[in-house]
Amino acid sequence: MVLRENADVERRTRRTVRILVFAASLRSASLNGSLSGLAARVAEQKGAMVTRARMADFDCASYNEDQEDASGMPAGARRLHDLLIANDAFMIASPEYNASMPGVLKNVIDWVSRMRPQPFNGRQGLLLSASPSMAGGNRGLWALRVPLEHLGARIYPDMFSLAQAHEAFGPDGRIANPTLQERFDETLDCFLDLVEAAQHYHALRKQWIEFLGEKPDPATNRTEETHVNAA
Ligand SMILES: Cc1cc2nc3c(=O)[nH]c(=O)nc-3n(C[C@H](O)[C@H](O)[C@H](O)COP(=O)(O)O)c2cc1C
């Protein structure tokens, strides 16, 4: 109980963290849209500055290097890039499609990975999913970790996958099962603590080298220093 009271004091004094929140579904009645809306509200209640976006804002033509050479970055990729740069961290609620992430999300990750600064590098991320299935779309999140971590994002070890999501929400938009709602709140709270620590305290240094063992060569170097600790 003492620990909980101390934690509450810390929460009231949390320094500002800026979080981008979106659902990786284009569907108007998206379950992941509901979960990302809940995540945004909970994060705001816990003192975060939240920017919400929609997957439609980031939708791009299929990645094509010829198109990149001819016309540069599509507007959707630039929007995601700019929002990532403007925030300390991101939360994505992603559907699971065939045990992986939706193609529309992987596609915009591919586009954004071509931009410099490469904005996933050094950013903290929390992955959420909602699905009517019993596993809640959790397999898709394991697949989503791979490109994000490859790009240098710090993906939080815990994830939250809402099973049977079509019947999981109450009329107030919260998770009807109070124990699950409490777990959700705690996961976000722990994540926000880490974002705050990474952003405001000198605890984390990193560099991003896309191909670790590659012979250093200016023609192929894909290396970036990141200052994630600037107070
Ligand atoms: C192409 C496709 C593949 C799917 N594959 C899975 C799957 O592998 N696992 C799963 O739990 N649900 C799967 N589903 C069901 C989705 O979880 C369900 O449609 C969910 O509501 C999509 O998320 P949304 O409501 O945020 O749009 C799939 C749906 C589609 C359209």
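Bear in mind that the values here come from a model prediction, so they are computed numbers and not experimental data. Indexing begins at 1, ligand by ligand and atom by atom, following the structure's order. Values below: every heavy atom of this structure, side chains too, minus hydrogens, waters and symmetry copies.
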In terms of residue, atom name and distance, what is the protein heavy atom nearest to [atom]?
| atom | result |
| --- | --- |
| atom 9 (N) of ligand 1 | Glu96 OE2, 2.5 Å |
| atom 5 (N) of ligand 1 | Asn98 N, 2.9 Å |
| atom 18 (C) of ligand 1 | Pro132 CD, 3.8 Å |
| atom 21 (O) of ligand 1 | Leu31 CD1, 3.5 Å |
| atom 2 (C) of ligand 1 | Tyr97 CD2, 3.7 Å |

Notebook entry, point to check: Out of curiosity, is Arg139 lining ligand 1, as in a heavy atom under 4.0 Å away?
Noted result: yes

Item checked: contact_flag Ala23 ligand 1 heavy-atom lt 4.0 Å -> no

Notebook entry, point to check: In Å and rounded to the nearest 0.5 Å, what is the CG to CZ distance from Leu194 to Arg154?
Noted result: 10.0 Å

Next item on the list: Could you tell me the separation between the CG atom of Asp82 and the CG atom of Leu20, rounded to the nearest 0.5 Å?
Entry: 11.0 Å

Notebook entry, point to check: Which option out of Ala99, Ser28, Ser30 puts a heavy atom nearest to atom 24 (P) of ligand 1?
Noted result: Ser30

Item checked: Best match, Ala29, Ser131, Ala93: closest heavy atom to atom 11 (O) of ligand 1 -> Ser131

How about [X] and [Y]: do any of their side-chain heavy atoms sit closer than 4.5 Å?
| X | Y | result |
| --- | --- | --- |
| Ser25 | Met55 | no |
| Trp142 | Met159 | yes |
| Arg79 | Val108 | no |

Next item on the list: Could you check Leu162 against Phe169 for side chain to side chain contact (heavy atoms under 4.5 Å, CB included), going step by step and ending with a plain yes or no?
Entry: CA-CA 10 Å; Leu162 186 61; Phe169 292 101; 3.6 Å; yes

Notebook entry, point to check: So which heavy atom on Phe160 is nearest to which on Leu141, and how close?
Noted result: O-CD1, 4.3 Å

By number and element, which atoms of ligand 1 are closer than 4.0 Å to a non-hydrogen atom of [X]?
| X | result |
| --- | --- |
| Asn32 | 23 (O), 24 (P), 26 (O) |
| Ser25 | 24 (P), 26 (O), 27 (O) |
| Ser133 | 11 (O) |
| Pro95 | 22 (C), 23 (O), 26 (O) |

Check: What part of Arg27 sits under 4.0 Å from ligand 1 if we count only heavy atoms: the side chain, the backbone, both or neither?
Finding: side chain

Margin query: Geometry only, no angles: is Gly137 polar-contacting ligand 1 at N/O separations under 3.5 Å?
Written below: no

